[in-house]
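All values reported here derive from a predicted model rather than from experimental measurement. So that the names make sense, note that chain A is the first sequence line, chain B the second, and so on, each numbered from 1.
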There are 2 protein chains.
Amino acid sequence: MSTRRRAREPAEESEVAGFTGPATINDIARLAGVSKKTVSRVINASPLVRAETREKVAGLMRQVGYVPDPQARGLAFRRAFLIGLVYDNPNAQYIVNVQNGALDALRGSGFELVVHPCESRSDDFIEGVCRFVQRQKLHGAILLPPVSENEALAEALERLDVRYVRVGSVPFGAAARTVVSNDRAAAVEVAEYLVGLGHRAIGLIAGPHSHRSAHERAAGFGEVLARHGIELPPERVVEGGYTFESGVACAGRLLALASRPTAIFACNDEMAAGAYTAAYRMGLRVPEDVSIVGFDDSPLAARLWPALTTVRLPIRDMGRQAAALLLDPAAAAPAPLTPHLAVRDSCGPPAR
Amino acid sequence: MSTRRRAREPAEESEVAGFTGPATINDIARLAGVSKKTVSRVINASPLVRAETREKVAGLMRQVGYVPDPQARGLAFRRAFLIGLVYDNPNAQYIVNVQNGALDALRGSGFELVVHPCESRSDDFIEGVCRFVQRQKLHGAILLPPVSENEALAEALERLDVRYVRVGSVPFGAAARTVVSNDRAAAVEVAEYLVGLGHRAIGLIAGPHSHRSAHERAAGFGEVLARHGIELPPERVVEGGYTFESGVACAGRLLALASRPTAIFACNDEMAAGAYTAAYRMGLRVPEDVSIVGFDDSPLAARLWPALTTVRLPIRDMGRQAAALLLDPAAAAPAPLTPHLAVRDSCGPPAR
DNA sequence: CTGAAAGCGCTTACAG
DNA sequence: CTGAAAGCGCTTACAG
């Protein structure tokens, strides 16, 4: 072994004489005195290699700093070492959290993450996703809501025989291809909390009915109120679009009601922030005049004044689970994750 | 031509008899009655093809829905059709905006975007990035601040002969490899605005000195105050960490000063949000008691109450420029983008 | 348990 | 302007 000091650089350039540039399977084969096929077997952890041979080859690979070329492997395998992240979601923090979670699972696996935003309202978006997946010969795709809720897309991917995992608030299709957060249970927790504080006049800013999560959240919430015999009349339920602006508008309507609610559950943090603005514009204080709860625990939540009580969605965990499922389809479907309430400063007992 | 209806699926499966599955270069060559090399020339827009031949081949490719396999091309080219996005940045919106911008430029080019977060404080992060870039044979990498400011990384990539573009607030190294936003000019605008409102007692929450942007923003700001003969004594300048919490702490110190500033320039929105919280905790109103300006125009800014006046950074444009530069290194270096003030509701004239 | 041949879908280098 | 041969770095299918 050479004793000269090495610069702090990747050890791709072998110190073993005989070749320059990153080592290839041929270099390893020659060095080990075996065929490249045997090296290939070691790379792919085939059991059809004598232990002794395997160790010799593996040792050499380590020593030389050899890593198989993913591109060449992909070409031969007819499948790239790439995972696609397909989404149509305005919430940047959600995207980045999923990315980080997926990357957690991918680390060291040789797979990389390719991002693919799309327009699920556009007419040819399914075709676009299929083209992307097929052209890149993706190993699999992670579908985020609301794209994950699109049955037509799932069917199209099925036909193309590409692996995918759907992330959402309810299991759709095969459980093995789904990562679920139990939004309904979390909404139950929100309702129990508000009722426990003494609220009876409660307003709900629901999400857009095109999103499955909107149904889950509203359903869990309504369930509890009903159980407690608390009315949730139609005028106290308004549908927003998961956006800040819609939150301002919806809360404005709720707070202008003759029987003004003492608490509002906004089905995501964006709309909750809008509710703050609507309240402040009317000269109302949070939480003295109106308690507000959000959903997501986006970074926004902790930065509002007063800090927003909300539901913490384990988004990074979901990203991790999704990627893990793609790497090992044989793995058991993960149990649904239940998000929980993060109590901060936006709720109090009703004034009346 | 067949007249049967086609399902709304990508036209990868050719209707021309003779082969199944996505068409390959060989199929096109056979169909066109030319060699695969000629098809290759058409793919790569080589001038060494007779116009007639080119049109025949190109027409066939279109008709069949042929798209060259990026993996195979990559292997032969010894360079993947992938652009890496390397970052170490907690601001999700920043990342997603850059991603979207880069994707804008990449659309239709056949290149895809691979994300690679890293820990620039970690000891072996340069090695990690080099390994990533080299292993994937990336066509190029986009470096975001603060990673982009790391000279050692730039040198390492240089040695490996990989293309990269550095995104930042000041041009470092070769201009052709840099996408710059003129943060200094924007900070000048902020200062002029506050001075114009009549403020004289002004506080500055600077960014961490490890970030180049922190210097630029503070410098541009200080410059204007000096020009107007307005003092910026040391106690009115505090260094934050670009985080919400540091903003709370720094603003708390500024607002506790005997000669309390009537305006605060927080060098990013996160810290500005922290300044709101610090003010509110002390019972101060924004902007009546203290005006606050941020920087970035993150989604947070418009969601705070009152809506934050801040500097709108053209992040998506920068992502687009960076990717475009990577696709066409011959292109002229883009002119620095100057961000501008987005005036909202967080500033007013000083009370005194 | 191991290997020689052929192939994945494209390009380079060399001829003509 | 066009093509036959060899090769990119790996794997599959087939032998032994």
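Across all their heavy atoms, A:Arg166 and A:Ala154 have their closest contact at NH1-CB, 3.6 Å.
Taking the nucleotide of DNA chain D with the nearest heavy atom to each of B:Gly33 and A:Asp69, the more 5' of the two is matched to B:Gly33. For A:Lys36 and A:Thr53, each mapped to the nucleotide of DNA chain C holding its nearest heavy atom, the one lying further toward the 5' end belongs to A:Thr53. Positionally, the nearest nucleotide of DNA chain D for A:Gln71 lies more toward the 5' end than for the other of A:Arg78 and A:Gln71.
One finds no salt bridge joining A:Asp69 and B:Arg135 here, because no Lys/Arg side-chain nitrogen approaches an Asp/Glu carboxylate oxygen to under 4.0 Å. Ion pair A:Glu158/A:Arg163 not flagged as a salt bridge, since none of the NZ, NE, NH1 or NH2 atoms sits closer than 4.0 Å to an Asp/Glu carboxylate oxygen.
By the side chain to side chain contact (heavy atoms under 4.5 Å, CB included) test, A:Arg62 is found to be paired with A:Ala58, residues two or more places apart in sequence or in another chain being considered. Residues passing the side chain to side chain contact (heavy atoms under 4.5 Å, CB included) test with A:Arg320 are A:Asp104, A:Ala105, A:Arg316, A:Asp317, sequence neighbours excluded.
Interface limits on DNA chain D: the 5'-most and 3'-most nucleotides within less than 4.0 Å of chain B heavy atoms are D:dC1 to D:dG9.
In this structure a side-chain-to-backbone donor-acceptor pair under 3.5 Å is missing from A:Asp124 to A:Glu127.
The ring pair (Phe, Tyr, Trp, His ring centres under 6.0 Å) contacts involving residues 22-53 of chain A comprise nothing, where partners must be two or more places apart or lie in separate chains.
Residues from residues 38-51 of chain B lying near DNA chain D, meaning a heavy-atom separation below 4.0 Å, are B:Thr38, B:Arg41, B:Pro47, B:Leu48, B:Val49, B:Arg50 in numerical order.
Aromatic ring centroids of A:His139 and A:Phe111 lie under 6.0 Å apart.
DNA chain D contains the following stems of three or more consecutive Watson-Crick or G-U pairs, with both distances under 3.5 Å: C:1-3 with D:14-16, C:5-12 with D:5-12, C:14-16 with D:1-3.
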